[in-house]
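For reference, the structure discussed in these notes is given below.
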Amino acid sequence: MVRWDISLFGSGGQGIIRGGQILSEAAVLEEGKDATLTIAYGPEQVGGWSRADVVISDEPIDFPLVTKPDVLVAMSQEGLDRSWKEGRVPKKLLIYDSELVNVSKIGGIKMVGLPATKIAEQLGRRVIANIVMLGALSEVTDIVRRESLLNVIRRKFPKALELNERAFMEGVKHAKEGATTV
Amino acid sequence: MPKEVLATKHPDDELIRTDRMPHIWCPGCGIGIVMKCYIKAIKKSGIPPERHVVVSGIGCSSRLSGYVNIDSYHTTHGRAIPFAIGMNLVKPELEITVIAGDGDLVTIGGNHFMHAIRRNHDINVILINNFIYGMTGGQYGATTPLGSKASSAPYGTIDNPLNIPLLVASLGAPFVARWTTFHVHQLTDAILKAMKINGFAFIEVLSPCPTQYGEDNNFPTGLDMMKYFKKTCVVNHEADLRTVDIDLKSGKPIVVGNFVHKEKPSYNDMERKLIEDAMRERKLHG
Amino acid sequence: MTEGLIPPGKYFMQGNVACVEAALIAGCRFFAGYPITPSSEILQWMSYRLPQVGGHFIQMEDEIASIMAVLGASNAGVKSMTATSGPGFSLMQEGIGFGMMTETPCVIVNVQRGGPSTGIPTLVGQGDVMQARWGSHGDYEAIVYAPNNVQEMFDLTIKAFNASEEYRQPVVLLADQVISHMYGSLTVPPHDEIKIVNRKLPCVPPNIPDFKPFDAKYEVPPMALAGMGYRVHVTGLTHDERGYPYYTHEVSTWCVKHLVSKVRNNAKKIWEVEHFMLEDADIVLISYGITSRSSYQAVKIARSEGIKAGMLRLITLWPFPDEIVKKVSEQAKVIVVPEINMGQIIHPVREVAECLVVGLSWAPGAVPTPDVILDTIRYVSR
């Protein structure tokens with residue numbers, strides 16, 4: 001049995017939950033795997049922290065919650081700091097927004113940094129930073145196939161197809177370049 | 001010489017559960033009069049009895065539902081209105097009348113009462129106001145006139161009673177009336193009007209309770225209260241509702257009448273349109 | 001009838017949303033509710049979906065009004081539902097009792113959060129197990145389902161409607177914050193393969209003399225609805241077969257025994273449990289809802305360590321599957337009951353168990369992880 005525990009952590013408005021949905025749907029609807037998605041927020045109605053925990057497994061999932069992720073996708077400094085503070089340190093991989101998250105104190109773990117939010121802004125839509133991150137995730141892990149993620153994205157955003165595909169492929173490209181093992 | 005005839009049937013038997021007689025109400029109680037007026041209105045309404053439903057709560061007044069021979073629902077204390085709303089929404093063709101007491105409808109059930117009027121559900125509500133909790137033994141409630149003696153107010157009540165017609169009108173009900181058990185014809189007519197109203201139709205009926213209210217408050221028999229109604233009631237359909245509060249001590253006139261009678265879209269009208277639109281939208285866009 | 005319902009297929013969906021889609025398939029066309037975390041998604045999704053299928057949605061002024069409106073709609077013949085959480089469930093108890101006494105089918109979803117009182121509104125609890133059983137005053141037999149995944153939020157919602165129609169009484173779907181808020185995979189089967197039960201209606205014509213809406217010759221009497229012409233009297237008072245209130249011990253004996261017997265006599269048909277690695281287990285977890293998800297994993301790890309662990313998962317909490325628990329206990333050395341409360345379902349377990357019963361009481365606000373349960377398994381296995 002292969003089980004992946006993935007945590008996407010950032011702040012409200014960054015598409016964290018949507019990112020978790022795309023990842024889980026790719027596993028369930030495209031690859032016939034089992035997945036669970038649980039979400040958590042800070043108490044603020046706007047702008048607080050936001051976390052999507054995804055479990056993906058090729059067998060039915062027993063325990064559906066993420067206590068210690070294999071992969072952490074940190075899209076804000078608070079996302080990184082809270083994860084460490086709560087002992088939710090990733091076991092295998094940290095992917096982070098290199099413009100928003102300072103990882104100078106982190107060590108002993110494989111890390112991939114890319115300026116996802118900046119890339120999204122350059123493409124004209126800050127809110128698609130999550131799609132950039134999913135592209136990066138598909139490059140550096142084999143949790144789900146790249147085509148599965150793209151299929152879900154295409155289904156979800158038929159009106160902004162090209163933009164989202166470009167964002168995704170930018171993520172793939174930057175992850176190729178930005179992988180650093182410390 | 002006319003021979004003595006033993007009546008074996010009453011013209012209203014069809015609408016009374018005669019197998020449940022005798023009823024539980026005290027001699028001099030006014031609730032039976034309200035029941036008679038309701039039955040008369042059912043007969044005159046042109047709506048077959050099978051489509052009439054009476055819903056009540058808990059209390060002396062609410063026992064009325066057990067004696068009328070139509071579909072009748074005797075629910076929990078204060079909750080007759082929300083029960084009636086559920087029934088009305090799924091079967092709007094039913095003519096649903098809520099009949100309950102003052103303690104039930106505007107004291108424990110005050111919140112449901114207020115919101116049902118605000119939303120303007122198409123139900124009729126007859127509130128039998130006898131100024132007291134009868135069934136539980138004469139405790140005071142939200143309609144007990146200031147200074148009244150009650151089993152839980154041996155020194156006299158110190159809380160201000162509700163002016164119910166003012167409250168109901170302020171919430172926008174399309175029909176608001178007040179009558180007493182002395183005004184049998186006017187009350188029957190008001191119930192008929194209520195049945196025709198599309199929306200929340202409300203009637204307050206002042207009614208004697210010689211056992212629990214009257215005895216300690218100078219109305220020792222039902223007749224005393226009826227005489228007081230006869231003497232002090234003033235019909236004024238145009239009354240300023242801010243002035244229609246009740247004081248049974250000073251001899252202040254009791255204002256009765258059909259205070260509000262207007263047309264207004266009911267919740268049911270709005271809901272019908274919402275459902276039609278949602279169904280059409282779904283068919284268009286899948 | 002299937003127009004506007006969720007098509008058969010594979011979905012990835014939130015538990016609360018799955019519950020709504022299942023209710024619509026079960027035939028629910030009336031919902032009354034009041035917003036409360038963590039059940040509000042059911043109210044919101046109902047407000048969107050019910051009008052699309054010609055159903056009625058209303059947001060009431062409180063939970064008392066919500067349950068009463070549901071009972072009113074059901075007495076007019078429409079399958080009805082409400083959803084709430086702890087504080088709202090407390091407010092509904094009088095209405096639930098009225099539904100029991102008047103034998104009115106309906107479904108109440110209680111998405112459990114931490115308590116008592118306002119407790120931890122956004123986080124998980126399992127503290128309403130006993131309230132779901134004994135919450136209203138007087139004697140009745142509750143039927144309560146406890147889902148442990150999104151698929152069961154769907155399947156058990158339909159079963160809850162079916163049981164409520166079959167036995168003519170309110171039925172509770174006792175979910176919890178995690179299962180309700182979690183997204184998971186859902187398979188919607190072809191609609192014609194889903195078993196739907198509808199209440200029986202009287203087979204005699206209306207207006208016959210001496211029609212008995214609660215006729216004692218039936219275990220579950222056919223339901224005469226408002227407007228059908230039977231001129232029923234329905235009361236929360238202790239009543240006879242005619243529906244008329246009577247204050248005698250004789251009528252009370254008949255009335256109350258009738259209410260409890262219709263469930264007690266059919267308990268074996270209602271019971272649903274899952275046997276997980278129980279064949280040779282001498283340490284048995286009795287688990288339900290979200291806690292059972294940790295239990296699966298704890299059992300598997302324990303097995304890998306050579307401990308003969310297993311789990312009996314309760315899908316119906318009430319009526320309590322006492323004979324099944326007793327049988328399992330005859331083979332077990334120790335039963336462990338992990339729950340997110342200070343000990344609730346452990347009581348009926350202790351009542352019938354033939355072996356040592358150990359509670360794993362876990363305060364609301366978090367799910368006991370597999371490690372926590374595993375520690376207890378290891379401890380009792382020594």
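Below, chain A is the first sequence line, B the second, and so on; all start at residue 1. The structure displayed is predicted, hence computed values, not measured ones.
Residue B:Arg272: no heavy atom, backbone or side chain, is found under 4.5 Å from chain C. In this structure, chain C has a heavy atom under 4.5 Å from the side chain of B:Arg119, while its backbone stays farther away. Interface remark: C:Pro245 contributes backbone and side-chain atoms alike to the contact with chain B (heavy atom separation under 4.5 Å). Looking at B:Ser65, the atoms closer than 4.5 Å to chain C (heavy atoms on both sides) sit in the backbone and in the side chain alike. Contact annotation for C:Phe57: only backbone heavy atoms (N, CA, C, O) come within less than 4.5 Å of a heavy atom of chain B. Contact of C:Ala32 with chain B is not made at all, since no heavy-atom distance falls under 4.5 Å. In this structure, chain B has no heavy atom under 4.5 Å from any part of C:Val70. When heavy atoms are compared at a cutoff of 4.5 Å, C:Leu50 does not approach chain B at all.
The 12-atom threshold is exceeded at CD of B:Glu93, counting heavy atoms of other residues, nucleotides or ligands nearer than 6.0 Å.
Residue pairs meeting the salt bridge (Lys or Arg N to Asp or Glu O under 4.0 Å) criterion with at least one member in residues 97-107 of chain C, sequence neighbours excluded, are C:Glu103-C:Lys262.
Side-chain contact between B:Thr97 and B:Ile123 is absent, with no heavy atoms from C-beta onward closer than 4.5 Å. For the pair C:Pro170 and C:Thr104, the minimum side-chain heavy-atom distance is 4.5 Å or more. Taking the side chain as every heavy atom from C-beta outward, B:Ile164 and B:Asn129 approach each other to under 4.5 Å. Using a 4.5 Å heavy-atom threshold, the side chains of C:Thr84 and C:Val109 count as separate. Two residues are said to be in side-chain contact when any heavy atoms from C-beta on lie closer than 4.5 Å; C:Phe98 and B:Phe83 meet this criterion.
Ranked by heavy-atom pairs under 4.5 Å with chain C, the list B:Ile85, B:Val54, B:Asn69 is led by B:Asn69. Annotation: maximal heavy-atom pairing with chain B below 4.5 Å, among C:Ala226, C:Gly54, C:Ala224, occurs at C:Ala226. Per-residue heavy-atom pair counts under 4.5 Å with chain C were compared for B:Gly78, B:Ala80, B:Gly66, and the maximum is reached by B:Gly66.
Partner of B:Ser45 under the side chain to side chain donor-acceptor pair (under 3.5 Å) criterion, chosen from B:Lys40, B:His52, B:Glu95: B:His52.
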Are B:His121 and B:Phe200 close enough, and set up right, to give a ring-ring contact (aromatic ring centres under 6.0 Å, His included), and what steps lead you there? CA-CA 5 Å; B:His121 292 284; B:Phe200 194 96; 8.2 Å; no

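Put simply, the side chain of B:Ser152 never gets that close to the backbone of B:Gln139: no donor and acceptor are under 3.5 Å apart.
Contacts of residues 11-27 of chain B with chain C at a heavy-atom distance below 4.5 Å involve B:Glu14, B:Leu15, B:Arg17, B:Asp19, B:Arg20, listed in sequence order.
At a threshold of 4.0 Å, the pair C:Arg231-B:Glu50 counts as salt-bridged, since one of the basic side-chain nitrogens sits closer than that to a carboxylate oxygen.
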